[in-house]
Amino acid sequence: FGTLSMFLYPWLAGVLWPATAHSSPGYGVYVGATVHEVAQVVVAASAIGGQAAHTAVITKMLRVLLLASEDHWLVSLRACVQALQGQVQLISAPSWSAACALCVDEDLSPLAQVLLATPALHPPAGRCSLPLIQLLEADQPPPVQGDWLYRKELSASLLQRSLQHVVERHALSRRLQQLTEQDALT
């Protein structure tokens with residue numbers, strides 16, 4: 001499928017979105033999230049343009065920052081990340097300040113990093129611009145808003161879908177903010 005996608009995806013983008021295909025970060029997120037091999041992602045996205053290729057590679061090489069004091073979360077997530085075969089880099093830290101020192105890389109797009117945190121280790125309000133997924137135990141109620149995962153339901157495919165969802169939603173929110181800044185009537 002990956003080899004076919006190198007040719008099919010750019011053609012479909014030109015047919016389905018002819019006016020925006022060459023500048024579409026959404027296309028890049030889609031390619032990065034759905035094509036398996038990094039080299040195939042580069043080829044499929046580069047055929048459309050530089051911005052799409054950049055977004056696709058960032059999406060493919062996603063960094064996941066884990067803030068959890070409980071070892072069972074680290075063990076569970078490492079198993080899921082290993083099953084994703086290099087699509088995700090998992091970085092663990094004991095606190096938000098330690099995480100900032102470890103890996104919040106200002107040179108990377110925020111789309112390249114996602115924060116996974118237990119409720120006890122959430123960053124202070126307004127201090128984190130990264131997309132956030134809350135890690136909950138079975139007895140904890142889900143938050144009113146935001147994304148969450150329950151440990152007992154955690155699997156590689158669920159983690160992959162959750163990361164893809166939060167990255168796409170974050171990208172759309174950022175794009176909406178940019179459009180609002182360009183046109184106050186939006």
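Residue numbers start at 1 and run along the sequence shown. This one's a predicted model, so the numbers in the text were calculated from it and none came from an experiment.
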List for me each residue that meets side-chain hydrogen bond (donor to acceptor under 3.5 Å, both in side chains) alongside [X], sequence neighbours excluded, and say none if there are none.
X: Q140; result: none
X: S155; result: S157
X: Q178; result: R175

Taking all non-hydrogen atoms of both residues, which atom of [X] and which atom of [Y] are closest, and how far apart?
X: I133; Y: S162; answer: CD1-O, 3.9 Å
X: E137; Y: H72; answer: OE2-NE2, 2.8 Å
X: Y150; Y: P141; answer: OH-C, 3.8 Å
X: L136; Y: P143; answer: CD1-CD, 3.9 Å
X: A56; Y: A45; answer: CB-CB, 3.5 Å
X: V31; Y: A44; answer: CG1-CB, 3.9 Å

### Task
Show your reasoning for whether side chain to side chain contact (heavy atoms under 4.5 Å, CB included) applies to H170 and V166.
CA-CA 6 Å; H170 190 70; V166 74; 5.5 Å; no
### Query
For the hydrophobic clusters of this structure (ILVMFWY residues joined by side-chain heavy atoms under 4.5 Å, transitively), does one cluster hold both L74 and L135?
yes
### Message
Nearest 0.5 Å, please: how far is CG in L8 from OG1 in T3?
### Response
12.0 Å
### Message
Rounded to the nearest 0.5 Å, what separates atom CD in Q134 from atom OG1 in T118?
### Response
9.5 Å
### For L154, side-chain contact (heavy atoms from CB on, under 4.5 Å) partners two or more places apart
W73, S76, L77, C80, L149, L159
### Partner residues of R169 under the salt bridge (charged side-chain N to carboxylate O under 4.0 Å, His left out) criterion, sequence neighbours left out
D147
### Query
Does the side chain of Q177 pick up a donor-acceptor pair with the side chain of E181 at under 3.5 Å?
yes
### Query
Which pairs count as salt bridge (charged side-chain N to carboxylate O under 4.0 Å, His left out) when at least one residue sits in residues 42-57, sequence neighbours excluded?
none
